[in-house]
2 protein chains.
Amino acid sequence: MTRAAEPVPTDAERCAEPGPAHDSDDLIELLFFAYRDFVGDPDRILAEYGFGRAHHRVLHFVDRYPGLTIAELLDILRITKQSLNRVLKDLIDQGYVEQRTGTSDRRQRLLFCTPTGRSLTADLTRVQVRRVARAIEEPAAEAGRSDRAARIASAQGFLLAMIEPGDRAAVRRLMARRAGARA
Amino acid sequence: MTRAAEPVPTDAERCAEPGPAHDSDDLIELLFFAYRDFVGDPDRILAEYGFGRAHHRVLHFVDRYPGLTIAELLDILRITKQSLNRVLKDLIDQGYVEQRTGTSDRRQRLLFCTPTGRSLTADLTRVQVRRVARAIEEPAAEAGRSDRAARIASAQGFLLAMIEPGDRAAVRRLMARRAGARA
DNA sequence: CCAGATAAGTCAGTGTTGTTGACATATCTC
DNA sequence: GAGATATGTCAACAACACTGACTTATCTGG
């Protein structure tokens, strides 16, 4: 596996294969695992309400940025109006989100969470904050020599710490399987 | 972007912990944006082949860990056998992945990428490596005072740098909207 | 060697979340 | 008033996940 083009190739590490390409490969994989567990937590809560991830995303952004417009939300989520409308309709009909006509532009519908919506969002945020906070508290692997090595160690440390603790050993073991082939 | 953590939350619910709640909130949001753009790159390539993200995940892990069994893959992806089988069948039928009967245990089907599969995976990996490598090259906000602050800055810096460059300003602007209400 | 466990494959049905394309309505701007 | 814009809605469809049930091949322990 040849090294991918780098923005700033450092001369010193030309020959050494355990270069940035492999570090990036590891980060790609860790990002998958981290995100998998990151969305897994709230999914369990959402299921009790008959909601899914799409509902969660809307709740999150409307809660955090009260008065968001439909257009802004569409730009954030990068989904179509129809996809948004389906879940938004659920949330409005069931009293988690409410719309108010814009004051300066009466075509706009400003979105707000109701107290119920804020409460549910808080529950969802809680479990995610717990995971992220724990990942931050985790001491990074070690502050490496160069800033670059430190950044890699830091990002890997954060993502690994985002993984469900009980699964980390399995992930380490899996990734070690490949590490042997390149050292 | 790395706002000073204000350890004086006015919200009723959040106060017990030493202040990382808001930093975690930001990280939660950045993780959403980072992942959104992270999977966006390969999605465009996959569409040309009539494949989706599920195919990508299988290709990635089979390419990286040749000889993976079905059971191992199921444990990694955390999906059901049926979901895996649907995409795996596509990949096998179209010659991207092949199965070999296990030697020690003939019930197992060991998975390998064909040269074609390795080639496609390399294309997919390339665009993701590019993004991750760029995110790593990006100098972190600054090495903070405490290790903890440094870890936060580092994680935020990495995730922000994972976002499509042209969209970073919009994300900063959006998140600044909330920051104002906090500080 | 056989019974039961295990690895994998498959069928049928369902739900969430995304897509496209077309069209309707209210409102703003020039 | 004309045209752009913000939103809402209908219908159809695809990707990807789920459950539950069942089959086949193979391994393992008594």
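Every chain is numbered from 1 and lettered A, B, ... according to where its sequence line falls, protein lines coming before strand lines. Side-chain atoms are counted along with the backbone in the values below, which use heavy atoms only and exclude waters and symmetry mates.
For the salt bridge (Lys or Arg N to Asp or Glu O under 4.0 Å) test, no residue two or more places apart in sequence or in another chain qualifies with B:Arg86. Partners of A:Asp41 under the salt bridge (Lys or Arg N to Asp or Glu O under 4.0 Å) rule, at least two apart in sequence or in another chain, are A:Arg44, A:Arg131. In this structure, B:Arg173 has no side-chain hydrogen bond (donor to acceptor under 3.5 Å, both in side chains) partners at least two apart in sequence or on a different chain. Looking at residues two or more places apart in sequence or on another chain, you find a salt bridge (Lys or Arg N to Asp or Glu O under 4.0 Å) between A:Arg107 and A:Asp105. Evaluation of the side chain to side chain contact (heavy atoms under 4.5 Å, CB included) rule for A:Thr103 yields no partner, not counting sequence neighbours. In this view, A:His56 satisfies the ring pair (Phe, Tyr, Trp, His ring centres under 6.0 Å) rule with no residue, not counting sequence neighbours. With sequence neighbours excluded, the residues satisfying side chain to side chain contact (heavy atoms under 4.5 Å, CB included) with A:Pro66 are A:Phe112.
Summary of helix geometry: the two end axes of the helix from C:dC1-D:dG30 to C:dC30-D:dG1, each defined by five base pairs via their C1' atoms, are inclined to each other by 30° (rounded to 10°).
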Distances for protein N or O near nucleotides 17-23 of chain D N or O, under 3.5 Å:
residue, atom, partner, partner atom, Å
D:dA17, OP1, B:Arg57, NH2, 2.4
D:dA17, N7, B:Arg86, NH2, 2.7
D:dC18, OP2, B:Thr80, N, 2.6
D:dC18, OP2, B:Thr80, OG1, 2.9
D:dC18, OP2, B:Ser83, OG, 3.4
D:dG20, O6, B:Gln82, NE2, 2.6
D:dA21, N6, B:Gln82, NE2, 3.3

Base, backbone or nothing for each nucleotide of nucleotides 25-30 of chain C, written B, S, -, heavy atoms under 4.0 angstrom, 5' to 3'?
-> -BBS--
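A:His56 comes within 4.0 angstrom of no nucleic acid atom, judged by non-hydrogen atoms across all strands. Using a 4.0 Å heavy-atom distance criterion, B:Glu72 is classed as making no nucleic acid contact.
A:Leu110 places none of its side-chain heavy atoms less than 4.5 Å from the side chain of A:Thr101.
A ring-centre distance under 6.0 Å is found for A:Phe33 and B:Phe61.
When every heavy atom of B:Cys113 is checked against every heavy atom of B:Thr121, the shortest pair comes out as SG-OG1, 4.2 Å.
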Enumerate, atom names and distances included, each donor-acceptor pair closer than 3.5 Å involving a side-chain atom of residues 68-81 of chain A, sequence neighbours excluded.
residue, atom, partner, partner atom, Å
A:Thr69, OG1, A:Glu72, N, 3.2
A:Thr69, OG1, A:Glu72, OE1, 3.3
A:Glu72, OE1, A:Thr69, N, 2.9
A:Glu72, OE2, B:Arg177, NH1, 3.1
A:Arg78, NE, A:Asp75, O, 3.1
A:Arg78, NH1, B:Asp167, OD2, 3.4
A:Arg78, NH2, B:Asp167, OD1, 3.4
A:Arg78, NH2, B:Asp167, OD2, 2.8
A:Thr80, OG1, A:Ser83, N, 3.4
A:Thr80, OG1, A:Ser83, OG, 3.2

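Within residues 37-46 of chain B, no residue has a heavy atom under 4.0 Å from DNA chain C.
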Let me see the working for A:Asp43 and A:Arg53 under side chain to side chain contact (heavy atoms under 4.5 Å, CB included), right down to the final yes or no.
-> CA-CA 7 Å; A:Asp43 277 358; A:Arg53 279 179 208 172; 2.9 Å; yes
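Note on ring orientation: taking the six-membered ring where Trp is involved, the planes of A:Tyr96 and A:Tyr49 are perpendicular (angle over 60°, cut-offs 30° and 60°).
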